[in-house]
Amino acid sequence: MVQVSSDPVVQTALLQFIFPFSIKQGEAPELGKQLEVDGFTRFFLDKKELQDAYYGEGYCVSHEKMERSYLPFAAHVLFPRKEDKDSFHRFSRANHLDCQLEMPTTTLPFRVLSTDVFLCPFQLGFVTIRIDLGKQEIPFSLALEFADRFRTLEDVTRKDERTHIHCGGRSFTQVEDFVFNELVPHLRSYLDSSELSSAYFETLPFFVDERMLVQAFYQFEENTEIDINIQYKASQLDGIDNQGKPYISASDRTYIENYCSVHSYNRWGPDTYYMTNEQTFCCMTRERDDIAIKLANEMYGEYYYGLILSIFHKIVLLKLANMHSRLRIDNDYEQIENLIYSINRFSAKYYFLELISRSQGREIFFQLRKVFGNDALFGEVKQTLDDLFQYQDKYQSKRRDNLLMILTVYTVISGIYGMNQVIEDLKGKIDWGVMLTYSPFEYLALFLAISGILISFALTIGELRGRIGNRRKKKFHMDN
């Protein structure tokens, strides 16, 4: 760590912490009902009274503008008109909780504005916690330190162990306890931890060091120079060290310049910059208040949904890749069919190259997709699909050939040999006593004739049951 001498003042710091989770199979509808019991409101764009309900005083997200920002097929998924099982379902609740974050060197007041819970296809969900650090002018590094400490759900470092949240007369030693006991009290029982069956220490899925993703908006004073050091610090959440001094986690200027050239979106520089990486997406501006409010509204609106969609893409692609890695090719033919169906469903319904209608939003979405590596992951998953199709075709051809050979041999033997030996005794009224006088070869012939008939019935019934079962499984996967 390298200490820095200058630390600009932040006039406004608005933070959104995003926590992805996996829902137990088939329990998403029950979770939705529980959220409504807990005071969450189902979010629909036609409810215009919600445009300024969750974002703090002075901020408003235009539902009409947000819908127009996305192309129709994307808007159908993000903003369903009804309870569509193939769409994202958002539940929101205004909190307005005044709290304090006690850190090793200082204590910082903050307000929890609201909480969102998204229930998505593929058994995925997201919790978003909106926080306002108030109109207090605080050092930029302190705002970054707050973000870095709050996003850590479980204590990992000594800094985390010495960080506590005080809210409403209660204290929480871990952010995880604050989220699950105060903000979304019944969520924990719906979390699916089956993906972690092989982990030793991880307790929540889809996390690195149990940390949430951070979407942030920082407004500086109008004369502040937003240089590459500030951009880098914002992207890396480089706050303060153990002595309370601001620091930056890189010292080589060339490295910082190269990093910012990849992760920075500077269309509106030098007044406004956006930084993106796998852990943060932030907007930094020195614009006057009226423009800054519009930028914050975009971060709450269309850019927020763009980030949610990007994270959804990344996690689903990782889940599909994980499913493939766990397949036992010789034994898991049913799982292969399910994986093929899931990949086709994802690519057809959710993964499109063009999603956003406005050019600036499209460029930021492409930037997010690039830093998450979604295109490369999608290419790998499509290659997996091609490989599975080839294996399935070879497997089915071999299976058909083997079955045809067995049935042909059995039909010839049972038809020509079996039926010709005992067919006369099976016509009309059967004399069962004659069978007591059969020779061993005639008993064999009778067995072959009857077993041939039974096997034909069994194969037909098995095929019908298999088709019905596949339809039910496909319907179950679509519902989840």
Side-chain angles (χ1 to χ4, degrees), residues 16-35 38 40 77-78 84-91 115-129 151-154 174-181 183-214 278-279 305 307-327 332 335 338-339 341-343 345-346 349-351 372-374 377-378 381 384 473 476-480:
Q16 295 188 101
F17 296 88
I18 301 173
F19 156 39
F21 62 93
S22 185
I23 308 170
K24 290 180 180 178
Q25 198 166 53
E27 295 197 12
E30 290 298 320
L31 176 54
K33 294 177 182 177
Q34 183 61 58
L35 290 171
D38 291 338
F40 285 81
V77 172
L78 295 174
D84 182 1
K85 61 181 177 296
D86 290 327
S87 301
F88 289 25
H89 300 287
R90 172 179 165 183
F91 298 80
T115 306
D116 290 346
V117 179
F118 280 90
L119 304 183
C120 306
F122 293 91
Q123 298 175 242
L124 286 182
F126 299 94
V127 173
T128 300
I129 305 163
R151 78 186 186 102
T152 306
L153 283 167
E154 294 185 352
Q174 294 192 132
V175 177
E176 177 186 1
D177 298 329
F178 178 64
V179 174
F180 291 133
N181 295 334
L183 302 181
V184 196
H186 294 95
L187 178 62
R188 191 189 293 270
S189 60
Y190 293 92
L191 296 183
D192 180 13
S193 58
S194 59
E195 296 290 334
L196 303 170
S197 57
S198 59
Y200 288 100
F201 304 107
E202 298 285 330
T203 58
L204 292 171
F206 309 127
F207 281 95
V208 179
D209 292 335
E210 311 291 358
R211 297 177 187 270
M212 293 185 279
L213 294 97
V214 182
E278 290 190 354
Q279 62 183 5
Y305 275 89
L307 178 60
I308 290 288
L309 193 58
S310 298
I311 302 170
F312 171 78
H313 286 163
K314 171 109 185 230
I315 293 177
V316 173
L317 289 168
L318 288 175
K319 286 189 72 171
L320 294 174
N322 185 46
M323 289 171 63
H324 180 241
S325 69
R326 294 188 179 187
L327 283 178
D332 294 341
Q335 281 74 14
N338 291 338
L339 180 55
Y341 171 76
S342 296
I343 294 174
R345 179 190 174 201
F346 173 75
K349 288 182 175 292
Y350 305 105
Y351 200 84
F372 280 119
N374 289 348
L377 282 172
F378 185 69
V381 168
T384 296
K473 287 174 183 175
F476 179 79
H477 284 291
M478 289 181 65
D479 292 340
N480 291 279

Residues that Tyr351 engages under side-chain hydrogen bond (donor to acceptor under 3.5 Å, both in side chains), provided they are two or more places apart = Asp375
ask   = Backbone N or O of Ser310 within a donor-acceptor pair of the Asn374 side chain at under 3.5 Å?
value = yes
key: Heavy-atom pair with the smallest gap, counting every atom of Cys120 and Phe312   = CB-CE1, 4.0 Å
inquiry  = Ignoring hydrogens, what is the shortest heavy-atom contact between Ala28 and Leu119? Give both atom names and the distance.
reply    = O-CD1, 3.6 Å
request  = Test Leu307 against Phe372 for side chain to side chain contact (heavy atoms under 4.5 Å, CB included), laying out the working first.
outcome  = CA-CA 10 Å; Leu307 178 60; Phe372 280 119; 4.0 Å; yes
request  = Run the salt-bridge test on Glu30 and Lys24 with the 4.0 Å N-O cut-off and return the result as yes or no.
outcome  = no
request  = Assess whether side chain to side chain contact (heavy atoms under 4.5 Å, CB included) is satisfied between Phe346 and Leu317, documenting all intermediate values.
outcome  = CA-CA 9 Å; Phe346 173 75; Leu317 289 168; 3.5 Å; yes
ask   = Can you tell me how far the CZ atom of Phe17 sits from the OG1 atom of Thr128, to the nearest 0.5 Å?
value = 11.0 Å
task = With rounding to the nearest 0.5 Å, note down the distance linking CD1 in Ile23 to CG in Leu124.
result = 7.5 Å
task = Would you check, one step at a time, whether the test side chain to side chain contact (heavy atoms under 4.5 Å, CB included) holds for Phe122 with Tyr350?
result = CA-CA 11 Å; Phe122 293 91; Tyr350 305 105; 3.7 Å; yes
task = Mind checking the CG-NE2 spacing from Leu35 to His89? Nearest 0.5 Å is all I need.
result = 12.5 Å
Gln34 and its side-chain contact (heavy atoms from CB on, under 4.5 Å) partner, picked from Phe91, Tyr190, Phe40 = Tyr190
request  = Provide the closest heavy-atom pair for Gln279 versus Arg151 in the form atom of the first, atom of the second, distance.
outcome  = OE1-NH2, 3.0 Å
request  = Please identify each residue that fulfils side-chain hydrogen bond (donor to acceptor under 3.5 Å, both in side chains) with Asn181, with sequence neighbours left out.
outcome  = none
query = For the atom pair NE2 (His186) and NZ (Lys33), what is the distance rounded to the nearest 0.5 Å?
reply = 15.5 Å
query = Any side-chain heavy-atom pair from Ile311 and Phe118 closer than 4.5 angstrom?
reply = no
query = Taking all non-hydrogen atoms of both residues, which atom of Val127 and which atom of Thr115 are closest, and how far apart?
reply = CG1-CG2, 4.0 Å
message = Are the side chains of Phe178 and Ile129 in contact, using a 4.5 Å heavy-atom criterion?
response = no
request  = Please assess Leu377 against Lys314 for the test side chain to side chain contact (heavy atoms under 4.5 Å, CB included), listing each intermediate value before the final yes or no.
outcome  = CA-CA 8 Å; Leu377 282 172; Lys314 171 109 185 230; 3.9 Å; yes
key: Nearest-0.5 Å distance, CZ of residue Arg211 to OG1 of residue Thr152   = 3.5 Å
query = Do Pro20 and Leu213 have side-chain heavy atoms sitting under 4.5 Å apart?
reply = yes
note = Between the CG atom in Leu78 and the CG atom in Leu309, the distance rounded to the nearest 0.5 Å is 5.5 Å
message = Less than 4.5 Å apart, side chain to side chain, heavy atoms only: is that true for Lys319 and Ser342?
response = no
key: Qualifying salt bridge (charged side-chain N to carboxylate O under 4.0 Å, His left out) pairs with a residue from residues 116-128, counting only residues at least two apart or across chains   = Arg90-Asp116, Asp116-Arg130
request  = Give the minimum heavy-atom separation between Ile343 and Val381, together with the two atoms involved.
outcome  = CG2-CG1, 3.6 Å
task = For residues Gln174 and Leu153, report the shortest heavy-atom separation together with the two atoms involved.
result = CB-O, 3.7 Å
